[in-house]
Amino acid sequence: MKQWLSVPLVLFFVAFLQGSPAEPKMGACDLCKQIVTAIDEFLTDGSTEQDIIDYVNGICDNLPFPLDTVCKTTLADKIGEIIENLVNNNLQPQEVCELLKLCPVDQSPVLRKLTTVTGNGGDCGMLLAFGWITVELVGTNYESCATHTLDASGIDDMNPGQTDVYSGDILGSCKTTKFPADLFEFVVQHHGFDGWCMHSVSLEFTNGDILECVADVELDDDQNHHCFANIQK
């Protein structure tokens with residue numbers, strides 16, 4: 001087996017992922033293509049499947065959160081599927097990573113609907129003119145987008161449990177930004193000084209995936225809340 005799991009290689013991957021002012025960070029798509037290319041080379045030198053699993057796990061273990069989780073669940077846990085596509089289906093690394101939904105394709109989903117639910121607290125609404133929220137999404141390839149102002153204009157959402165649904169142009173650039181894989185995070189940003197008690201914010205994409213963040217926090221005075229959410233089917 002080639003000595004691809006050496007300390008210098010791992011350090012190279014970590015440095016590449018962290019990026020620099022002159023070099024952008026490596027996202028999930030580039031990471032996938034690098035690893036799948038290495039797997040393809042392993043298959044020509046007599047390496048066993050266990051050798052390959054150990055290699056990929058070694059890389060995943062040295063990645064920062066949350067890319068380490070993406071690496072394990074989408075690459076390390078699917079070595080058999082990756083080998084099948086390389087050997088029997090004669091796919092290229094780019095094609096394999098598109099099938100794994102780590103590289104964007106024309107059919108990659110965009111945000112279709114955003115739902116907010118008000119929680120309990122002393123200053124909970126977005127009805128007044130001096131407080132509103134926006135939501136920013138960051139994907140595993142560092143693609144990002146942001147909504148326009150979400151202030152539930154004309155709706156009395158001061159009461160706990162009030163649900164507001166946003167779709168269409170108010171979703172801003174998120175209406176057209178494609179996210180082939182999971183999100184790194186989405187950030188609920190409060191603006192102004194009339195606070196909002198956040199119970200939950202959920203995102204629904206055009207492929208039916210739903211990301212939900214339940215927090216029960218009170219946001220005021222330009223505070224924000226970072227959500228690392230799991231996909232629900």
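The residues of the chain are indexed from 1 along the displayed sequence.
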> Can Met198 and Thr116 be said to form a side-chain contact (heavy atoms from CB on, under 4.5 Å), step by step?
Replying inline: CA-CA 8 Å; Met198 170 184 164; Thr116 64; over 6 Å; no

> Without hydrogens or angle criteria, can the side chains of Asp51 and Thr48 be said to hold a donor-acceptor pair below 3.5 Å?
Replying inline: yes

>> Please give me the minimum heavy-atom distance between Ala146 and Cys174, naming the atom from each residue.
In response: N-SG, 3.4 Å

> Is Thr163 close to Thr115 at the side-chain level, that is, under 4.5 Å between some pair of heavy atoms?
Replying inline: yes

>> Please give me the minimum heavy-atom distance between Leu137 and Val135, naming the atom from each residue.
In response: CD1-CG1, 3.8 Å

> Is a donor on one side and an acceptor on the other found under 3.5 Å between the side chain of Asn141 and the backbone of Ala28?
Replying inline: yes

> Val36 and Cys97: side-chain contact (heavy atoms from CB on, under 4.5 Å), yes or no, with the steps?
Replying inline: CA-CA 8 Å; Val36 173; Cys97 294; 3.9 Å; yes

> Is the Trp132 ring parallel, tilted or perpendicular to the His191 ring (thresholds 30°, 60°)?
Replying inline: parallel

> Mind checking whether Val165 and Ile133 sit in one hydrophobic cluster, side chains of I, L, V, M, F, W, Y counted as touching below 4.5 Å?
Replying inline: no

> So which heavy atom on Phe179 is nearest to which on Gly139, and how close?
Replying inline: CE2-N, 3.7 Å

> Out of curiosity, does Val217 fall in the hydrophobic cluster containing Val214 (side-chain heavy atoms, cut-off under 4.5 Å, transitive links)?
Replying inline: no

> Are Val188 and Ile170 joined in one hydrophobic group, where the rule is that I, L, V, M, F, W and Y side chains link up if heavy atoms are under 4.5 Å apart?
Replying inline: yes

> Less than 4.5 Å apart, any side-chain heavy atom of Asn89 and any of Val96?
Replying inline: no

> Would you say Leu63 and Lys72 make side-chain contact, with heavy atoms under 4.5 Å?
Replying inline: no

> Taking side chain as C-beta onward, heavy atoms only, is Leu31 less than 4.5 Å from Thr140?
Replying inline: no

> Does the side chain of Thr176 come within less than 4.5 Å of Val110's, by heavy atoms?
Replying inline: no

> Just wondering, do Cys32 and Leu75 contact through their side chains at under 4.5 Å, heavy atoms?
Replying inline: yes

>> Under a 3.5 Å threshold, yes or no: a donor from one side chain and an acceptor from the other, between Asp54 and Gln50?
In response: yes

>> Using the rule given for side-chain contact (heavy atoms from CB on, under 4.5 Å), can you reason through Ile59 versus Ile35, listing the C-alpha separation, both sets of side-chain angles and the distance that settles it, and then say yes or no?
In response: CA-CA 9 Å; Ile59 293 296; Ile35 290 179; 4.0 Å; yes

